Chemist: 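Next up is a structure, given as structure tokens.
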Number of protein chains: 2
Amino acid sequence: MDSAILKKVHIFSGLDEEEMEQLCKICRVKTFNKGDIIFFDTEPYLGFYITITGLVKIYKISKDGREHILHLINPPNTFAEVPLFENLGEIHEESYRYPANAMALEDETRVVLIPARQFTELLESDTKICIKMLSGFARRLRHLNHHIEELTLKDVTKRVAGFILTEYNNNRDPKSEAKQSIKLNISKNDLAAYLGTIIETLSRTFKKLQDEDIIEVEGKKILIKDMKKLKEVSK
Amino acid sequence: MDSAILKKVHIFSGLDEEEMEQLCKICRVKTFNKGDIIFFDTEPYLGFYITITGLVKIYKISKDGREHILHLINPPNTFAEVPLFENLGEIHEESYRYPANAMALEDETRVVLIPARQFTELLESDTKICIKMLSGFARRLRHLNHHIEELTLKDVTKRVAGFILTEYNNNRDPKSEAKQSIKLNISKNDLAAYLGTIIETLSRTFKKLQDEDIIEVEGKKILIKDMKKLKEVSK
DNA sequence: GGAACCCTTTGACTTAAGTCAAAACCTCAG
DNA sequence: CTGAGGTTTTGACTTAAGTCAAAGGGTTCC
């Protein structure tokens, strides 16, 4: 596989040519279509993944069938690395499983599998990767803490407003000119599961924000009509 | 300070005598009483902490004054290490703050401050510490994921039951003989904040579980009367 | 074009959990 | 012992959000 892609992945950005080549040798590329399962939480752990194109959701299903999305992984990013370090002894045991489910949300979602054993060896020989990995984990921890804060201390309206704002800040949309808008790349059902609610409530919340002239929803496009009010309502 | 204490901390367990001594030189011990603030989220980041004795809560306050507890840190464990790796460039800037508040929950809570700059240098020279640190982060990530799952997919009753069970499994109580019981080391108010609810709801939930003969609450002691039902109700 | 399908919205209803306020309980200092 | 403080429980009420069911709307594929 092409090493140029791996270079874009944060944790590998410090590797030299030789290390890169070694890495390329051990990893396998897979392509998925929308709705395909990358792994279930019942499968033995093989290693972690890197997204190259497309979108991946990491999610759990409750006993009564409700789904909650823990992460949405955009390329180029890693997922399922946590088990690598969790119980250093048990990692090669058959009973060691993935901690959640992963599904491709777009067609042509391409991911790279980095097998656990080989990668661990690479890690042990390179502090730089370790520190990059630590920084990746740190960011994810921050994100999860933020997510918990949102879920426990804020109601759905605040969460929706907050989501629109971070989404807007993350991709100061080059496509839609100077317009203050965002484009959802996931279904509303998935968005609801990510925000810890259900689609009906999400729908009503959008309507409420629309009635108050704060946003305007046209399918997957959300126009921010009153940034000040939106910020106010998200707090 | 005494290096024997630091050795018990997981991430330092692999250090040799010399490294240990170096570490001891740079760190500072502080003692707090119940209710004392260790740091606010408004303070500039100095470094991370290790608990030696006592109990520490890491928490956030919402705009309307509600509190949510992100972690309860028992000795010997670290906290506030995440900022170390988050934005490697900005760490020494004055504007770099702690991400949440930390408060001692018991008298004689002793913690060690490990200053950021010196520790980073140590890290760069030692893969073993890095990997230990990674494993610590991994465990915390797992914990947070689990916490999110609980908060979004389960109601308060299930969360309370789940809390009792994990608490019971974590300290198969040597003090109370063969009895199936746990002892809360935090106030019910704090427990409520940790479970993402409020004290009234927690109180009612305890009562409900009591009425169903599943547990018995006597102040800070909780007796498990029907383990099977408790497990059932936690799912 | 239209049938089949999925995704989303809307409405009516239920329920879990939060709010507010008062009472009960606990414990510790004087 | 007593009273002031905090903590916990209880009760009556409100409300946000979930459930269930039906109707719209848009896409795709023969």
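Naming: A, B, ... by sequence-line order, numbering from 1 per chain. Please read these numbers as outputs of a predicted model, since none were measured by experiment.
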Chemist: Look at the side chain of Arg159(A) and decide which nucleotide, out of dG18(D), dA17(D), dT8(D), has an atom nearest to it.
Modeler: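 Closest nucleotide to the Arg159(A) side chain: dA17(D).
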
Chemist: Are any non-hydrogen side-chain atoms of Leu55(B) and Ile73(B) less than 4.5 angstrom apart?
Modeler: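 No - every pair of side-chain heavy atoms lies 4.5 Å or more apart.
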
Chemist: Phosphate oxygens OP1/OP2 of dT9(C): is one of them under 4.0 Å from a side-chain N or O of Lys188(A)?
Modeler: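 So the side-chain polar atoms of Lys188(A) do come within 4.0 Å of the phosphate oxygens OP1 or OP2 of dT9(C), strictly under.
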
Chemist: Rounded to the nearest Å, what distance is computed from the NZ atom of residue Lys220(B) to the C1' atom of nucleotide dC25(C)?
Modeler: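 Distance check: Lys220(B) NZ to dC25(C) C1' gives 13 Å.
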
Chemist: Grab the NZ-P distance between Lys34(A) and dT28(D) for me, whole Å please.
Modeler: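 It is 10 Å, rounded to the nearest whole Å.
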
Chemist: Return no unless some side-chain N or O of Thr157(B) is found under 4.0 Å from OP1 or OP2 of dA16(C).
Modeler: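 Negative; the distance criterion is not met.
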
Chemist: Are side-chain heavy atoms of Asn74(B) and Thr51(B) found at a separation under 4.5 Å?
Modeler: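 A side-chain contact is absent here, since even the closest heavy-atom pair is not under 4.5 Å.
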
Chemist: Under a 4.5 Å cut-off applied to non-hydrogen side-chain atoms, are Lys30(A) and Tyr49(A) in contact?
Modeler: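 A side-chain contact exists here, since the closest heavy-atom pair is under 4.5 Å.
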
Chemist: Looking at Thr42(A), Val82(A), Leu46(A), Ile58(A), which hits side chain to side chain contact (heavy atoms under 4.5 Å, CB included) with Tyr98(A)?
Modeler: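 Filter result, single survivor: Leu46(A).
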
Chemist: For Lys207(B) and dG11(D), give me the distance from atom NZ to atom C1', rounded to whole Å.
Modeler: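 For the pair Lys207(B) NZ and dG11(D) C1', the rounded distance is 10 Å.
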
Chemist: Return no unless some side-chain N or O of Thr201(B) is found under 4.0 Å from OP1 or OP2 of dA16(C).
Modeler: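 Answer is no, no contact under 4.0 Å.
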
Chemist: Which nucleotide sits closest to the side chain of Asn189(B): dG18(D), dT8(D), dG18(C)?
Modeler: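 The closest nucleotide is dT8(D).
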
Chemist: Check the distance between dA21(D)'s P and Ile199(A)'s CD1 and give it to me in whole angstrom.
Modeler: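 Taking atom P of dA21(D) as the reference, CD1 of Ile199(A) is at 18 Å.
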
Chemist: In whole angstroms, how far is the P atom of dA17(D) from the CZ atom of Phe206(A)?
Modeler: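 Taking CZ of Phe206(A) and P of dA17(D), I get 14 Å after rounding.
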
Chemist: Starting at CD1 of Ile198(A) and ending at C1' of dT9(C), how long is that distance when rounded to a whole Å?
Modeler: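 Spelled out: CD1 on Ile198(A) to C1' on dT9(C) is 13 Å.
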
Chemist: Reading DNA chain D from 5' onward, which residue's closest nucleotide shows up sooner: Gly219(B) or Gly196(A)?
Modeler: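 First, find each residue's nearest nucleotide; the 5'-ward one identifies Gly219(B).
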
Chemist: Hey, do the aromatic rings of His143(B) and Phe137(B) have their centres closer than 6.0 Å?
Modeler: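 Ring centroids of His143(B) and Phe137(B) are no less than 6.0 Å from each other.
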
Chemist: Please state how far atom CZ in Arg204(A) lies from atom C1' in dT8(C), giving the value in whole angstrom units.
Modeler: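 Atom CZ in Arg204(A) sits about 12 Å away from atom C1' in dT8(C).
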
Chemist: In whole angstrom, give the distance that lies between atom CD of Glu200(A) and atom P of dA22(D).
Modeler: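 In whole Å, dA22(D) P and Glu200(A) CD are 14 Å from each other.
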
